[in-house]
There are 2 protein chains.
Amino acid sequence: MAGPISGRSRGAKARGVEESGEPVESVVEILDCAAQCFMEMGFQGTSIDDVARRLDATKGRIYYYYTSKANLFFDVHREGMNRLMVAVRAVMTPSADGAQTLLAMIEAHALTMMQNIAYEAVVVQGVHMHRLGATTPEQRRILDELMAVRREFEALFAGVIRQGQADGSLRAGDVSVCVKSILGAVNWMAVWYRPRAGETVEHQRRMARDIALQQIHGLAGPGAHSQ
Amino acid sequence: MAGPISGRSRGAKARGVEESGEPVESVVEILDCAAQCFMEMGFQGTSIDDVARRLDATKGRIYYYYTSKANLFFDVHREGMNRLMVAVRAVMTPSADGAQTLLAMIEAHALTMMQNIAYEAVVVQGVHMHRLGATTPEQRRILDELMAVRREFEALFAGVIRQGQADGSLRAGDVSVCVKSILGAVNWMAVWYRPRAGETVEHQRRMARDIALQQIHGLAGPGAHSQ
DNA sequence: GTCTATAGGCTGATAGAC
DNA sequence: GTCTATCAGCCTATAGAC
């Protein structure tokens with residue numbers, strides 16, 4: 001489930017990861033606190049001391065597992081991206097037509113955003129930062145790797161849209177712009193969505209479905225009689 | 001066209017603004033360079049020296065017109081927001097039905113994004129930063145003022161959607177989520193859109209129309225035969 | 001108006017005790 | 001493993017020359 005840790009490079013293996021590949025609890029705690037901080041204050045607005053304070057610790061702890069703030073950010077990003085990938089891939093059923101599959105994918109994307117808002121807010125920030133050149137060559141390498149996964153993710157949507165255009169369930173148009181608009185509508189949740197106290201999973205599912213339906217059928221869709 | 005300058009508070013009137021209310025050229029230059037820097041590196045990632053370097057000047061020039069980096073950011077934000085407001089209000093014709101008006105508004109919004117990408121990228125960042133508490137009380141006041149304009153902007157869309165639901169041209173649903181999805185799709189352009197060399201206005205108009213049509217009619221809209 | 005010089009604060013990262 | 005102490009660099013903002 002968890003990917004590699006991009007922290008330490010010295011030593012035989014990256015610290016903070018067991019033989020099984022599962023990260024140790026300390027690392028999960030750090031990632032959770034970092035995700036929260038990055039969501040609330042942004043990458044540049046968050047200091048390592050901020051993350052440490054939320055951990056009830058000092059930065060010594062964090063620097064034992066991560067060589068830099070950037071690598072910590074990248075690990076949160078990677079985890080958020082993985083969760084999105086898993087959720088969206090799980091609902092891709094080859095038997096359905098393009099429109100049906102796309103609806104399910106958008107729904108899964110939106111639901112994952114809501115249930116992992118801190119991690120996904122970091123993913124959205126990371127996509128933003130992509131243009132902002134990462135400083136060191138090492139960081140550039142990691143960011144490139146993350147962006148490759150991002151492109152893979154977007155390609156899933158593009159592929160299904162092309163399939164839908166071929167089977168006639170989706171209308172023709174510039175696939176690239178279609179994908180960006182849909183993902184934009186969902187990614188924007190990172191800005192406005194925060195779970196309300198006592199919010200149920202049913203409520204989240206309903207909202208995810210509403211968002212997906214709107215993207216597939218439009219605001220003037222079935223049920224309206226537009227001129 | 002230009003709003004007040006949120007920079008200096010000392011002196012009889014804000015510097016950098018003529019009696020007519022038009023900002024002087026120096027201020028426009030500063031705003032343009034600042035908008036570019038903020039777009040490329042973010043608010044926190046941009047130093048005043050960065051803006052000065054782009055101006056071919058030193059920061060003394062900037063601090064003559066603005067008391068702080070935050071106030072500079074706010075002025076760029078205000079200008080971007082004004083341009084959006086003007087463009088969207090201009091296409092709101094009471095005679096049309098809700099769906100038609102909404103289509104025109106989204107189109108105008110998207111086109112304004114493309115033609116003012118640096119300023120609008122700052123607006124998008126500002127909405128993002130809204131949660132991030134501004135530090136000083138003075139900055140909090142300005143940010144609150146900008147967010148009030150933002151809410152007014154979103155209310156324009158919400159009002160037209162309600163109108164469309166009443167006249168039957170738009171289907172029922174949670175208006176708030178509808179608005180956020182639509183604006184998210186368009187705002188996301190701040191992340192991915194950059195003008196290509198030799199891009200014509202016709203090309204921009206076509207793209208704006210495509211985006212608007214997709215939001216109104218959906219991807220499985222007229223022309224597709226979804227199950 | 002614009003520049004140079006600099007004060008003062010914050011932060012990323014490291015060294016070394018425990 | 002985690003902490004304390006600290007350094008070095010950067011950045012905002014100001015003071016004062018021109």
Side-chain angles (χ1 to χ4, degrees), chain A residues 5-18 23-31 33-34 37-38 41-76 129 132-136 138-139, chain B residues 5-18 23-31 33-34 37-38 41-75 132-136 138-139:
Chain A
I5 300 296
S6 52
R8 302 268 150 183
S9 53
R10 60 175 122 112
K13 66 181 173 87
R15 277 192 246 193
V17 180
E18 299 286 0
V24 295
E25 197 190 345
S26 310
V27 170
V28 175
E29 277 173 20
I30 292 174
L31 288 178
C33 291
C37 288
F38 289 142
M41 302 179 288
F43 174 69
Q44 325 233 30
T46 299
S47 74
I48 294 287
D49 281 317
D50 289 329
V51 180
R53 201 174 306 122
R54 192 178 284 250
L55 265 172
D56 262 321
T58 62
K59 51 185 162 192
R61 180 127 118 230
I62 295 168
Y63 277 110
Y64 176 74
Y65 293 99
Y66 288 94
T67 54
S68 72
K69 186 169 89 157
N71 284 333
L72 175 57
F73 182 88
F74 292 148
D75 246 28
V76 175
M129 282 170 62
L132 289 54
T135 38
T136 74
E138 161 75 355
Q139 288 170 11
Chain B
I5 299 296
S6 52
R8 302 270 149 182
S9 53
R10 59 175 122 110
K13 67 178 174 91
R15 278 192 245 195
V17 180
E18 299 286 0
V24 295
E25 197 190 345
S26 312
V27 170
V28 175
E29 278 174 19
I30 292 174
L31 288 177
C33 290
C37 287
F38 289 143
M41 301 178 289
F43 174 70
Q44 326 233 29
T46 299
S47 74
I48 295 287
D49 281 316
D50 289 329
V51 180
R53 200 173 307 124
R54 192 178 284 248
L55 265 172
D56 263 321
T58 62
K59 51 187 161 194
R61 179 126 119 231
I62 294 167
Y63 277 109
Y64 177 74
Y65 293 98
Y66 287 94
T67 54
S68 71
K69 186 169 88 157
N71 283 333
L72 175 55
F73 183 87
F74 292 148
D75 245 27
L132 288 56
T135 38
T136 74
E138 161 76 356
Q139 288 170 12

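Each chain gets a letter, A, B and so on, in the order its sequence line appears, and its residues count up from 1. No experiment lies behind these values; they were computed from the predicted model shown.
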J.: Whole angstrom is fine here: how far is it from CZ in B:Arg61 over to P in C:dT2?
T.: 5 Å
J.: Nearest-Å distance, OH (A:Tyr64) to P (C:dA15)?
T.: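 Distance, rounded to whole Å: 16 Å.
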J.: Between A:Leu72 and A:Tyr65, is there a side-chain heavy-atom distance shorter than 4.5 Å?
T.: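 They are not in side-chain contact.
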J.: Does B:Thr58 have any side-chain contact (heavy atoms from CB on, under 4.5 Å) partners at least two apart in sequence or in another chain, and if so, which?
T.: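 So B:Thr58 forms no side-chain contact (heavy atoms from CB on, under 4.5 Å) with any residue.
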J.: Rounded to the nearest Å, what distance is computed from the CG atom of residue B:Asn71 to the C1' atom of nucleotide D:dT12?
T.: 13 Å
J.: Please report the C-alpha distance between B:Asn71 and B:Thr67 in whole Å, then the side-chain angles of each, then the deciding distance to 0.1 Å, and finally whether the side chain to side chain donor-acceptor pair (under 3.5 Å) criterion is met.
T.: CA-CA 7 Å; B:Asn71 283 333; B:Thr67 54; 2.8 Å; yes
J.: Kindly indicate whether the side chain of B:Glu138, heavy atoms from C-beta on, has any atom under 4.5 Å from the side chain of B:Ser68.
T.: no
J.: Check the distance between D:dG1's C1' and A:Glu29's CD and give it to me in whole angstrom.
T.: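 One finds 13 Å between C1' of D:dG1 and CD of A:Glu29, rounded.
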J.: From CG of A:Leu55 over to P of D:dG1, roughly how many Å is that when rounded to an integer?
T.: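 Interatomic distance, CG of A:Leu55 to P of D:dG1: 16 Å.
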J.: Classify the ring geometry of A:Phe43 against A:Phe73: parallel below 30°, tilted from 30° to 60°, perpendicular beyond 60°.
T.: perpendicular
J.: Working to the nearest 0.5 Å, report the span between CZ of A:Arg53 and SG of A:Cys37.
T.: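 SG of A:Cys37 is found 8.5 Å from CZ of A:Arg53.
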J.: When you compare the protein's N or O atoms with those of nucleotides 15-18 of chain D, which come within less than 3.5 Å of each other, and at what distance?
T.:
none

J.: One pair to check against side-chain contact (heavy atoms from CB on, under 4.5 Å): B:Leu31 and B:Asp75. What are the steps and the verdict?
T.: CA-CA 8 Å; B:Leu31 288 177; B:Asp75 245 27; 3.7 Å; yes
J.: Using whole Å, what does the distance between atom P of nucleotide D:dT12 and atom CG of B:Leu72 come to?
T.: 11 Å
J.: How does each nucleotide of nucleotides 7-12 of chain C score, in 5' to 3' order, for protein heavy atoms under 4.0 Å: base (B), sugar-phosphate only (S), or none (-)?
T.: ----SB
J.: Rounded to whole Å, how long is the line connecting atom OH of A:Tyr66 with atom P of D:dT2?
T.: 13 Å
J.: Rounded to the nearest 0.5 Å, how far does NZ of B:Lys59 lie from OG of B:Ser47?
T.: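 Separation between the atoms: 7.5 Å.
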J.: Rounded to the nearest 0.5 Å, how far does CD of A:Gln44 lie from NZ of A:Lys69?
T.: 6.5 Å
J.: Think B:Thr58 has a side-chain N or O under 4.0 angstrom from the OP1 or OP2 of C:dT2?
T.: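 So the side chain of B:Thr58 is outside the cut-off, no N or O lying under 4.0 Å from OP1 or OP2 of C:dT2.
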J.: A:Tyr65 has a side chain; which of D:dT2, D:dT4, C:dC3 sits nearest to it?
T.: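 Of D:dT2, D:dT4, C:dC3, D:dT2 is nearest to the side chain of A:Tyr65.
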